[in-house]
Amino acid sequence: MDIIKDNYQVDDGKIIYRRANMYDNFIEIAELIYKSDPYIYPYWFDDDIRSGVRALSEMVATEGTIFYFQNCYVAFDKESNQIVGVICAIDKTVDLNYNYDALQDIDEKYNYTIGSYIFDLIDQVEKDNFMSLLAICVNEAYRNRHIATSMLGNFIRQMEAVGYKEFQTEVLLHNLRGKNLCHSLGFKEMNIFMGFDGNNPPQTEVVTFLRKENYSLADFR
């Protein structure tokens, strides 16, 4: 599967959609990951975006973390020579080598926002031919150009062609742009749960979306 992922690339003339590589700008990837969730990362890093992006870029560079660059698929603008969109996707083949015992001893804020999520994520991706999409984000300056639709649509089409059958992601209930994106690509709303907004207990409603291979994938180009 890794060979297939490495070879994943779609070029629409202006934007290249491909797997991230070691030569990419990890700061650009980390900035998009940070902006993919307006609650968790600002809370985790005390609204210090520079500190957050720096820490997330270290995760992008570190094998065994959920945001390791080999788990990221990017939209690359050939003209500006920058990464303008990212999808982070985890499946059964990914080896997450967190020290789970240490989660009990580290900062309470990290443990609250990440600890239980990691355990749930591992349970999910144990299924065959299943992908969990952890972060989907496009640079603000590139929105309303259908880049998110092309980025996610091309990714799903290629991954389904090599055998993946289910894709799961989560979208904030009030994120109409994100929900419309999922609906347009054949995702179905499965349930709503209380997510995290920096309060304890959490107060933000989140929608779980699931796409199965028998759902139609409209022509998104």
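Computation of the quantities below employed the complete heavy-atom set of this structure, encompassing side-chain atoms and omitting hydrogens, waters and symmetry-equivalent molecules.
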Between R143 and C137 the two heavy atoms that sit nearest each other are NH2-SG, 3.8 Å
> Is any side-chain heavy atom of Q158 less than 4.5 Å from a side-chain heavy atom of Q9?
Replying inline: no
Residues passing the ring pair (Phe, Tyr, Trp, His ring centres under 6.0 Å) test with Y39, sequence neighbours excluded, are none
One should read off an interatomic distance between L185 CG and F209 CZ, to the nearest 0.5 angstrom, of 11.0 Å
Sorted by chain and number, sequence neighbours left out, salt bridge (charged side-chain N to carboxylate O under 4.0 Å, His left out) with D11 holds for K78
Would E58 and F26 count as a side-chain contact (heavy atoms from CB on, under 4.5 Å) if you check the C-alpha gap in whole Å, the side-chain angles of each, and the deciding distance to 0.1 Å?
CA-CA 8 Å; E58 291 176 2; F26 290 174; over 6 Å; no
Residues at least two apart in sequence or cross-chain that pass ring pair (Phe, Tyr, Trp, His ring centres under 6.0 Å) with Y73, listed by chain then number, are F155
Handout entry: N144 vs R177 side-chain heavy atoms within contact, under 4.5 Å
Key = yes
In this structure, CG of N154 is separated from CD1 of I15 (nearest 0.5 Å) by 11.5 Å
| Should the pair F167 and Y164 be assigned to parallel (<30°), tilted (30 to 60°) or perpendicular (>60°) ring geometry? | tilted
Across all chains, not counting sequence neighbours, the side chain to side chain donor-acceptor pair (under 3.5 Å) partners of E166 are none
Hits for ring pair (Phe, Tyr, Trp, His ring centres under 6.0 Å) against Y68, two or more places apart or cross-chain, chain-then-number order -> none
Q. Under a 4.5 Å cut-off applied to non-hydrogen side-chain atoms, are F130 and D91 in contact?
A. no
- Query: Transitively linked via ILVMFWY side-chain contacts under 4.5 Å: M131 with Y8?
  - Reply: yes
- Return yes if some donor-acceptor pair links the side-chain N/O of S150 with the main-chain N/O of I147 below 3.5 Å, else return no. no
Residues passing the side chain to side chain donor-acceptor pair (under 3.5 Å) test with N81, sequence neighbours excluded, are none
With the side chain counted from C-beta on, respond yes when T208 and E189 share a heavy-atom pair under 4.5 Å apart, and no when they do not. no
TODO: Give a yes or no on whether the backbone of S132 and the side-chain of Q168 come within a donor-acceptor separation of less than 3.5 Å.
DONE: no
Separation between CG (L133) and CD1 (I90), nearest 0.5 Å, reads 10.0 Å
Minimum side-chain heavy-atom gap I156-F187 below 4.5 Å = yes
### Message
Assigning hydrophobic clusters by single linkage (Ile, Leu, Val, Met, Phe, Trp, Tyr; side-chain heavy-atom cutoff under 4.5 Å), is M190 placed with L172?
### Response
no
Look at R211 together with E160 and state whether they make a salt bridge at an N to O cut-off of under 4.0 Å.
yes
Check: Hey, does the side chain of N129 reach the backbone of K165 with a donor-acceptor pair shorter than 3.5 angstrom?
Finding: no
Sequence neighbours excluded, the answer for side chain to side chain contact (heavy atoms under 4.5 Å, CB included) partners of A20 is D24, I29, F69, C72, V74
R18 (side chain) donor-acceptor with A75 (main chain) under 3.5 angstrom
no
Next on the checklist: With a 4.5 Å cut-off on side-chain heavy-atom distances among I, L, V, M, F, W and Y, is there a chain of contacts connecting L56 to M22?
Outcome noted: yes
Hits for side chain to side chain donor-acceptor pair (under 3.5 Å) against K14, two or more places apart or cross-chain, chain-then-number order -> none
Distance col, row E28:CD vs S57:OG, nearest 0.5 angstrom, shows 12.0 Å
Between the CG atom in L210 and the SG atom in C182, the distance rounded to the nearest 0.5 Å is 10.5 Å
For I192, the side chain to side chain contact (heavy atoms under 4.5 Å, CB included) test, sequence neighbours excluded, returns L173, E205, V207
*asked:* Tell me whether T65 contacts the main-chain N or O of M59 through its side chain, where contact means a donor paired with an acceptor under 3.5 Å.
replied: yes
Is it true that a side-chain atom of N175 and a backbone atom of V171 form a donor plus acceptor pair closer than 3.5 Å?
-> no
Y142 meets the side chain to side chain donor-acceptor pair (under 3.5 Å) criterion, sequence neighbours left out, with D77, S80, Q82
The salt bridge (charged side-chain N to carboxylate O under 4.0 Å, His left out) partners of D12 (sequence neighbours excluded) come to none
d(T93 OG1, D128 CG) to nearest 0.5 Å is 11.0 Å
Those residues at least two apart in sequence (or on a different chain) that pass salt bridge (charged side-chain N to carboxylate O under 4.0 Å, His left out) with E140 are K35
**Asked** Side chain of D46, backbone of D48: donor and acceptor closer than 3.5 Å?
**Response** no
Tell me whether V206 shares a hydrophobic cluster with L176, the cluster being built from Ile, Leu, Val, Met, Phe, Trp, Tyr side chains joined at under 4.5 Å.
no
- prompt: Do V53 and E31 come close enough that some side-chain heavy atom pair is under 4.5 Å?
  reply: yes
Can you find a heavy atom in the side chain of D47 that is under 4.5 Å from one in the side chain of F45? no
Item to check | Flag side-chain contact, heavy atom, 4.5 Å: L32 against Y34 | outcome: no
Indicate, with yes or no, if V94 and I33 share a hydrophobic cluster defined by side-chain heavy-atom contacts under 4.5 Å among Ile, Leu, Val, Met, Phe, Trp and Tyr. yes
